[in-house]
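Inspection log for the structure reproduced underneath, given as structure tokens.
All residue numbers refer to positions in the sequence shown, counting from 1. What you are looking at is a predicted structure, and each value in this text was computed from that prediction instead of being measured.
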Amino acid sequence: MTTVVKIGGARAVDPEGALGDVAQLAEAGEDVVVVHGGSTAVDETLEELGEEPTYVETPGGVVGRFTDERTMDVFKMVMPGKLNTDLVEALQNEGVDAVGLTGTDGKLLEGKRKSAVRVKEDGKKKIKRGDHSGTIESVNAELLETLLSSSYTPVVSVPVLGREKDGGYTAVNADADRAAAAVAGALDADLVLLTDVSGIYEDPDDESSKIDEAATPEAFESVKSAAEGFMTKKVMAAEEALDGGAASVVVADANANEPITNALEGEGTTLTPGALADDEKARTEATE
């Protein structure tokens, strides 16, 4: 079984434990694909350049980044140029033969470019143009499987390849959790979303209210109701991963001891395909 690990880019996330865990899994012969974020580093770089990051709210209430051309240039510089290289370097020092990739390499991650987005400003719905973002529609699983079969560990980051209306391509931004979800679905893999909390909490301020598992549609509705802020996107990614074919999704603490291994053994919040079941047959299969 392949494991896709998404390492968050928040300041509170220390990747050291996860990278050591990747090394242990690789040494044991397990296939691992690492996907990483890095929005915090992008924001910090923009600020160092004297520019402010732009965030917008969708009509549905989801807050996300608006990636104009200048911000996209910074993404290209920071994500593959520094963060991806740093992770590959660290994994090599752990004895892992890692290979850095962006979604543009070999059409690894591809989808339509969204040059305009619907936003809500001052209570009004507007169209904001000039965006460089996209929703991933296809994954070159063969490229990843070729690397894995040769004992390489892919380390994947944005940008992804955005198709223009004229048939050309533009490098665009995409959410890293959803990128990891697309990869996990394409590889029928377990997905571990590592973050700075130990799972999804019924009460966001109470760690003791962590939801251990969602294996039914009713339980998944509870998870979606509980998710707030940044966790909303992780739950969205989890749903997309399971819908795309992932074997399971676990939201877990990146800073725990052996975070990936422990997540796969039941730490964190585990979501399984039965959570999306909408018929009696699927429910029965989920409990067998």
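For the residue pair E267 and V250, the shortest heavy atom distance occurs at O-CG1, 3.2 Å. Residue A254 comes nearest to P259 through the heavy atom pair O-CG, 3.6 Å, listed as atom of the first residue, atom of the second, then distance.
The salt bridge (charged side-chain N to carboxylate O under 4.0 Å, His left out) check on D212 picks up K210, with sequence neighbours excluded. Shown here are the salt bridge (charged side-chain N to carboxylate O under 4.0 Å, His left out) partners of E228, two or more places apart in sequence or in another chain: there are none. Residues forming a side-chain hydrogen bond (donor to acceptor under 3.5 Å, both in side chains) with S133 (at least two apart in sequence, or on another chain): D131. Qualifying salt bridge (charged side-chain N to carboxylate O under 4.0 Å, His left out) partners for E16, counting only residues two or more places apart in sequence or in other chains: none. For K112, there are no side-chain hydrogen bond (donor to acceptor under 3.5 Å, both in side chains) partners, not counting sequence neighbours. Applying the salt bridge (charged side-chain N to carboxylate O under 4.0 Å, His left out) test to E51 and every residue at least two apart in sequence or in another chain returns R70.
One hydrophobic cluster holds both M77 and V158 under the rule that ILVMFWY side chains link at heavy-atom gaps under 4.5 Å.
A donor-acceptor pair under 3.5 Å links the side-chain atoms of Q92 to the main chain of A98, judged by distance alone. At distances below 3.5 Å, at least one donor-acceptor pair connects side-chain atoms of N262 with backbone N or O atoms of N257. Side chain of D206 to main chain of S208: a donor-acceptor pair is present (N/O by atom type, distance under 3.5 Å, no hydrogens or angles).
A donor-acceptor contact under 3.5 angstrom links the side chains of T67 and N173, judged on distance only. Judged by distance alone, the side chains of E164 and T170 do bring a donor and an acceptor atom under 3.5 Å apart.
For the pair I136/V183, no side-chain contact is recorded, criterion being any heavy-atom separation below 4.5 Å from C-beta on. Between L49 and V74 there is a side-chain heavy-atom pair separated by less than 4.5 Å. In this structure, the side chains of E202 and I211 come closer than 4.5 Å at one or more pairs of heavy atoms. Side-chain atoms of D43 and R65, non-hydrogen and from C-beta on, do get closer than 4.5 Å to each other. Counting heavy atoms from C-beta outward, L271 and V223 have side chains that approach closer than 4.5 Å. The closest side-chain heavy-atom distance from L144 to L101 is below 4.5 Å. Within the 4.5 Å cutoff, no side-chain heavy atoms of T272 are placed close to those of F220.
Hydrophobic cluster of V63: the remaining members, joined at side-chain heavy-atom separations below 4.5 Å, are Y55, listed by chain and number. Other members of the hydrophobic cluster containing L161, listed by chain and number, are Y169; membership follows side-chain contacts under 4.5 Å among ILVMFWY residues, whether direct or relayed. Under a 4.5 Å side-chain heavy-atom criterion applied to ILVMFWY residues, the cluster that includes V155 comprises V5, I7, V13, L19, V22, L25, V32, V34, L87, V88, L91, V96, V192, L194, I260, L264 as well.
Here side-chain hydrogen bond (donor to acceptor under 3.5 Å, both in side chains) pairs that include residues 231-242, with residues two or more places apart or in two chains, are D177-K234, R178-E240. Residue pairs meeting the side-chain hydrogen bond (donor to acceptor under 3.5 Å, both in side chains) criterion with at least one partner in residues 72-86, sequence neighbours excluded, are H36-N84, K82-D86. Pairs passing the side-chain hydrogen bond (donor to acceptor under 3.5 Å, both in side chains) check and including a residue from residues 134-154, sequence neighbours excluded, read E137-R163.
In D122, the CG atom is not crowded: 12 or fewer heavy atoms of neighbouring residues, nucleotides or ligands sit closer than 6.0 Å.
Ion pair K224/E221 flagged as a salt bridge, since at least one NZ, NE, NH1 or NH2 atom sits closer than 4.0 Å to an Asp/Glu carboxylate oxygen.
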